[in-house]
Amino acid sequence: MSEEIDVKLELEVAEFYQSLGIHQGPGDIQYRIILRVLGKNEGKITQFAEIRKYTDQFADKGSIGSKMKTVFQLEGLVDKVKRGGYIITDKGITAASFLKDSTTFYKKNKRIEQIIERMP
Amino acid sequence: MDSGLLLNASICLAITLSSFAFAWVLSRSEQEHSLKSRPALWSLIILWTLVGLTYLPTTIRMLAAYFSKPTLDLIMYNLAAIPFAFVTVPLVFFIMYVIVGDKKISAYIAGTFVVFGILYLLFLYTHGVTGPVVSAYSSIFVISSDVAINIYLVGLFVIPTAMIIGLLFLILLQRMPKRIRYRTALPLVAISFVFDFMLTDMITLVDVMQLASRLFVLIGTVLAFLAYFPPMTIQEKLGIRQYPYELYEIEEDIEEEYEGVLEENDV
């Protein structure tokens, strides 16, 4: 999972899921970005500052910190290993893999939508 | 003078009239289509016009065979070969545009099929044809050039057919509302029917097969009509009818609404 994180695409995907009534998980942009950064650093420590590099564009430090605690740490998706340092767990990798599938589903759905749009 | 030839001629006439009518109806519905779908719509209009233009001289050809006029038969065969050679061009443009969405790329790829068409006509006209062999049901010409037949099979038949099947599977394998699936898949099935049997019609050496192919081309044209203008009974049977409804906007307490529904149902 070493590919670059496209914040614009993640926003698009999150908005798509929100439009389907899914506001948590794949429909939550904060969840998406945090998990993408953690997934990218599989086996390494992810610094909180690295997550903020992406999330500062749309969320404040407090809400990201709160999301880390109330969702990621609470559900065991990450382990806090030092001050501002996290490691993704096996469960977290499963979540990251699901997130990747959600992006694939979005892209596939969008492609089919465009094909249908072009059919007279 | 066999009545089978008249039957053949009337099938060709039916294909001609229905193809022209379909092209005309499609062109009249232009305003109902979005800007994005218009290039594909116009390629369909051209496609159906070319089908009509192929079967108009073929109708005369069958009548010429009926009245034992081999020269007119040959002239009409050569005339019908022109629109037939270019049927693949709008078809390829249609498929490419629907999949890729780029007019320029689609036009370039469709352009290569113009080359195939020109080459086919070039070999067909320079090497000529043998015939006509008039039977009870049809009049058949044998193409003398092997190169023309190869261009015909590979360039005009295999590639476009593979493209249609590819697009058809792409649509059929997706989960989508029944109405949209019907609206997108049936035109492709109809085009595939018409296109494949047109090619069989032109290359076959068996008289009954020619007649059967033309019958299937006619069925394909009817299918295309049904795809765009499905009758109410078909819509109801397939569950694709869109019932008109209005939004219920009176705000009610959810518990009151639930109790009201129970009372209505006498539960």
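Proteins get letters first, then strands, A, B, ... in listed order; numbering begins at 1 in each.
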> By a 4.5 Å heavy-atom criterion (distance strictly below it), what part of L170(B) contacts chain A: side chain, backbone, both, or neither?
Replying inline: both
>> So for atom NZ, which belongs to K80(A), do other residues, nucleotides or ligands contribute more than 12 heavy atoms lying within a distance under 6.0 Å?
In response: yes
>> Looking at every heavy atom in both P120(A) and L44(B), which two are closest together, and how far apart are they?
In response: CG-CD1, 3.8 Å
> Taking atom CZ of F94(B) and atom CZ of R118(A), what is their separation to the nearest 0.5 Å?
Replying inline: 11.0 Å
> For atom CZ of F216(B), is the number of surrounding heavy atoms from other residues, nucleotides or ligands below 6.0 Å larger than 12?
Replying inline: no
> Considering only heavy atoms, which portion of S34(B) lies under 4.5 Å from any heavy atom of chain A: side chain, backbone, both, or neither?
Replying inline: side chain
> Say you draw a straight line from CD of Q174(B) to NZ of K108(A); how long is it, rounded to the nearest 0.5 Å?
Replying inline: 5.0 Å
>> Do I116(A) and M176(B) make a side-chain contact, defined as non-hydrogen atoms from C-beta onward lying under 4.5 Å apart?
In response: yes
> To the nearest 0.5 Å, what is the distance between CD1 (I180(B)) and CD1 (I112(A))?
Replying inline: 11.0 Å
